[in-house]
Structures are given as C-alpha cells and as structure tokens.
Protein chains: 2
Amino acid sequence: MPVSITTARRAREFAAREELIIREARKFLLERGFQGWNMDDLAHAVEYSKGTLYQHFESKEDLALAVCTGSLQQRADLFERASNFNGGSRERIRAICCACCEFATAHPEYFHADMMLKSASFWDKASSERQEDHRFQAGRCWRTIQQIIIEAQAMGDLPRDRFKPEEATFALVSVTVGSHIMAMEGDMRVMAGITDPLIAVRRNGDLMCDGLGWKPLSFEADYTETDRRIVREVFPGATWLKSA
Amino acid sequence: MPVSITTARRAREFAAREELIIREARKFLLERGFQGWNMDDLAHAVEYSKGTLYQHFESKEDLALAVCTGSLQQRADLFERASNFNGGSRERIRAICCACCEFATAHPEYFHADMMLKSASFWDKASSERQEDHRFQAGRCWRTIQQIIIEAQAMGDLPRDRFKPEEATFALVSVTVGSHIMAMEGDMRVMAGITDPLIAVRRNGDLMCDGLGWKPLSFEADYTETDRRIVREVFPGATWLKSA
DNA sequence: GCCATTTTTGACCGTTGGTCAAATTTGTTT
DNA sequence: AAACAAATTTGACCAACGGTCAAAAATGGC
C-alpha cells in the first residue's frame, strides 16, 4: 500500500490507542504500583494483544516513563497557568505553590514513580525519545519558576546581590518537590502532626521565599485572600483550599 | 540438639552473614539498580546458595529494604553526631546540613531506592519487622532535628510565635531531602548551572533557616569558619568541603 | 563411629517481560 | 467482486528470574 489518504487517519487512531494504553497503565500504576500488574493484564484491560502494546512501547519501563511524563506535562501546564496569575511576583510564586497542591492532589504518587524510573536499571530500559520528552517537560517546569524569579529580581521584590536566579530556582524546586514527597508520606505526617499536608506544602514554599528575602514576607502579609483569588481565577474546583 | 553453648556463636555467625549479604546487595543496588541483578547473582557473590539468602530475607524487596534501612541508620548516626557539635543552635543545624552532605556522598542514590521501596507493590513485600526498623531510623532523624529546633526556640534564636516546632522540622526535613534528590540529578545540575551539588544542599538549608528567622541569618554571618570546624570536629576526612 | 538435629543446597516451578511467525485486516487493482 | 499485496494484529512460545522444598551435608553429643 503506498502513501494514501488513509495515512493520516491511521496516525490519529494510533495516537488515540497510545493515549488509551497510557491512561489504563496510569490507573494500574497508581492502584497497584509497578510490580503489581503485568503486560498481559494491561493488554486485556485495553482489549488489544500484548504484541500491539509492544508496537507502542519498547518495554514496560518505557510505558511507565510515558505515564510519568504525561503527569509531568500536566505539572508544567499547571505551572504555566499559575505563572500567568495576575498579581505581584510573590503572589505569582504563591500560585506556583498552589499548582503544586493541585498536582499533588491529582498525582499523589508521582514522585515515587519518578524516582523509581530514574534509578539506573529502569531509566536505561526506556527509549531515548521518551527520555527526551521527560527532560523537556522537566525543563518547562524549571523555566516557569526561573522566569518569575528573574522578573521578581528586575522589579526589586527579590534581592539581586545574594544569589543568582538559578540558585533561587534550585532552592524553590527542591523545597516544592521535597515537600510533596514528605507530605504524601504517612509516617511523616504522623510525626509532624500534619492534618492537612497541602497546607504544609504551601507553608514550606512560603518559608523558602522568606529565606530568599522575597517581599512582601509571609509574616508581614496575609495571603488568605490571595489564595482564594488564585483558586477562583486559576484553579476553579480545587479541593485543597480548606476553610472558607 | 538442645540449647547449648554453641547457640550464641551460631547467632553471631548468622548476624555476620546477614551483614555480608546486605553489604554485597548494597553494592549491586548502587551499581545496577533494583532490576539490574538477581538473587542468583547475589548468591554467587556472597558464596552461599539462594536458599540460604531466603533464610535471612523473605523476598528481594525485603532485602532491598534492609539495605535502605542500613543507609538510613547511618544517616541517623550522622545526624546525632552533628547534633552534638559544640556551637550555637544555628551552627548545630548547619552541622546537620553537613551531615546531609556526608550522607549524600556516601549514599548518592539513597532516596531513589527509598522512594521506590515506598511505592505500594514494593513496601508490601517486605517483612513487617523490617518496615518497623525503617520507621524507627526515620524517627531518629526526625527527632534529632526536632530537638535542635526546640532548643533554638528556648534560647530565643528561633521565633516561637510564627510556627510550632513540628512545622519547622517538617520544613527542614523537606528541604534537605528535596535538595539531596535534586542535587544528585544530572539534568537538574545542568539547568541550575551547579558545579558543586553539595554546596547547593547546604545553601538551601541556609535559606530555609533564614526563612524560619533563625538567628544569626546567613547573610549576616560567615559560616566558612564554622564549616571548617564542623568538618574538623565532626566529619574528619570529609571530601565535600571544597576550597580552603 | 553412630545417630539426631540443624543447616545448606540447587534442581525445580510458576510467573512474566518480550519476540516473531502466522493469521487477519485493509485497501487497491483488475 | 475477486484476487492480490501490504500493513497490522495476534497469542503461542521462550528465556529469565523470584521463590520453594525435598534431599544432602554438616554439626555436635554420646
């Protein structure tokens, strides 16, 4: 069969099926963890044969990476939306912290899976295309924060002489990721006496911003109203903003 | 054979062999990741049969958890040593950050493995005794930081009215863990333009302490000399303190 | 040297990630 | 509509590996 008008339709169907597989695999990964399901189960669930799965993904790890990258893309999307919040630089970075809450709600186990994939034996089994995709989405998250920081420094909300923008970005990324991981850990919540893990995530972001000297400092201002605005304008339907 | 004088010796030999297995498994885990080796390889490496391995560990995951808990115990040991550093509260918390550097040097891949183990399908395959061990060591790390914070608040180095001690502990734990993870990630280092990841780990700890309002603030003091003292008195032979 | 008990062993089993030749479907030509 | 060729799908099959357990070996008391 030579190139024909059906080619485009075929490509569309192929892409749709790939979506379906990823969607179903995400459910499995979430509910049962990487070891808790096998490719035969998944083939049955999506109603295709195992061989067909392997036309899309070169290994189980490759598929898991695709699932993770999908989540990471959503994270980047949330970050970019948050970044467009109409407010001061400190309010915009607060919106990023809210995006982290939104993400943690939708993908509580994301970092567990991500860390697993990045350990040597997993990462190497994924295709280089999907590795590249993952790097790209990680880059989007990074740049969104970096941009806000550069603008904050330009506006004078954030000191310029104490650190380079990359250092501040690195600090914020570290604390947001670390907080997500810690907040989702049952034992940690018990020790920390945390009732609402997502409040703690935003709190940690605040503290780091304070440490960077990002004006106005959190204990000099009240962000309750800002939070309500962020939810209303950027994340309507969010469930993580407790108390009216 | 009734209870005899050989019992104690047997127990000692058993424990020694368990150490050997864990030591060898740690090498494998570090070099090849969880999927990169099998129980037959390991049996060969320790010069015992596979059946003998399963007298010590009820599954491969159980063994991996034992390896991780061993690392975590070392982390707790480092924390406790750091906590005894002879200095002000802020210097002692700096010593904890140095302990994190020491730990990151000795166990660069620790959190990758730890996250993997905590995902459902892995954790459930480990014995409850080893799960308990892991929780215990995590608790030691937590309490060490918590204690310094309580003392800092008592001494007036750290505000009492802005947060509860657990909140501060949670913030510091989050940032140290997050920084370790981020600092060990190749792509992240490239984006952040980080030449020495461990300097960034300490820097992030500093920024969080500043955010908590922990006196004396990092940009009001120079901790270069403190670092040198910490290395000399607590971590002799440390390789992560660059520049004289 | 013999026996009872404990300990060690590795052949064996079931599961599962991954492959590929055969079967099926699709689309074009006559 | 029949025949044909290209593309796609399939699931039986294979090898690798985690885990088991009956048999073998080692131990220690008599």
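Just so it is clear: chains get the letters A, B, ... in the order the sequence lines come, proteins before strands, and each one is counted from 1. Worth knowing before you read on, the calculation uses all heavy atoms, side chains too, and leaves out hydrogens, waters and symmetry mates.
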(request) Take the protein atom CG of B/L42 and the nucleotide atom C1' of D/dG19, then report the distance between them rounded to whole Å. (result) 14 Å
(message) Can you list, in residue-number order, the parts of residues 21-33 of chain A that come under 4.0 Å of DNA chain D, counting heavy atoms only?
(response) none
(message) Distance check needed: C/dG18 P versus A/L63 CG, whole Å only.
(response) 10 Å
(request) May I ask you to evaluate whether B/T52 reaches the phosphate of C/dT9, defined as a side-chain N or O under 4.0 Å from OP1 or OP2? (result) yes
(message) To check you understand the geometry: which heavy-atom pair defines the closest contact between B/L30 and B/P108, and what is its length?
(response) CD1-CG, 4.4 Å
(request) Just call it for B/Q55: base, sugar-phosphate, or nothing, with non-hydrogen atoms closer than 4.0 Å on any strand. (result) base
(request) Quickly work out the B/Y54 OH to D/dC21 P distance and round it to whole Å. (result) 13 Å
(message) D/dG18, OP1 or OP2 - any side-chain N/O from B/K60 closer than 4.0 Å?
(response) yes
(request) Search all heavy atoms of B/L172 against all heavy atoms of B/C209 and return the closest pair with its distance. (result) CD2-SG, 4.1 Å
(request) Could you state the atom-to-atom distance from CG of B/L53 to P of D/dT20 in whole Å? (result) 13 Å
(message) Could you check whether any side-chain N or O of B/D62 sits under 3.5 Å from a backbone N or O of B/E58, counting only pairs where one atom can act as donor and the other as acceptor?
(response) yes
(request) On DNA chain C, check which nucleotide each of B/D40 and B/R17 is closest to and give me the residue with the more 5' one. (result) B/R17
(request) Could you tell me the separation between the CG atom of A/D41 and the P atom of C/dT16, rounded to a whole number of Å? (result) 7 Å
(request) Specify the separation, in whole Å, of atom CD of A/E13 and atom P of D/dA7. (result) 16 Å
(message) To the nearest 0.5 Å, what is the distance between CZ on A/R92 and CD on A/Q147?
(response) 8.0 Å
(message) Quick check with a 6.0 Å cut-off and a 45 degree axis cone: is B/R17 positioned over the face of B/Y48's six-membered ring?
(response) yes
(message) Distance check needed: D/dC17 C1' versus B/K50 NZ, whole Å only.
(response) 7 Å
(request) Mind calculating the distance between CD (A/E47) and C1' (D/dT10) to the nearest angstrom? (result) 15 Å
(message) In terms of relative ring orientation, are B/F111 and B/H180 parallel, tilted or perpendicular, with 30° and 60° separating the classes?
(response) perpendicular
(request) Would you please confirm or rule out a distance under 4.0 Å between OP1 or OP2 of C/dT26 and any side-chain N or O of A/R10? (result) no
(request) Tell me, with the steps shown, if A/H112 and B/W123 meet ring pair (Phe, Tyr, Trp, His ring centres under 6.0 Å). (result) CA-CA 12 Å; A/H112 276 170; B/W123 188 256; 9.8 Å; no
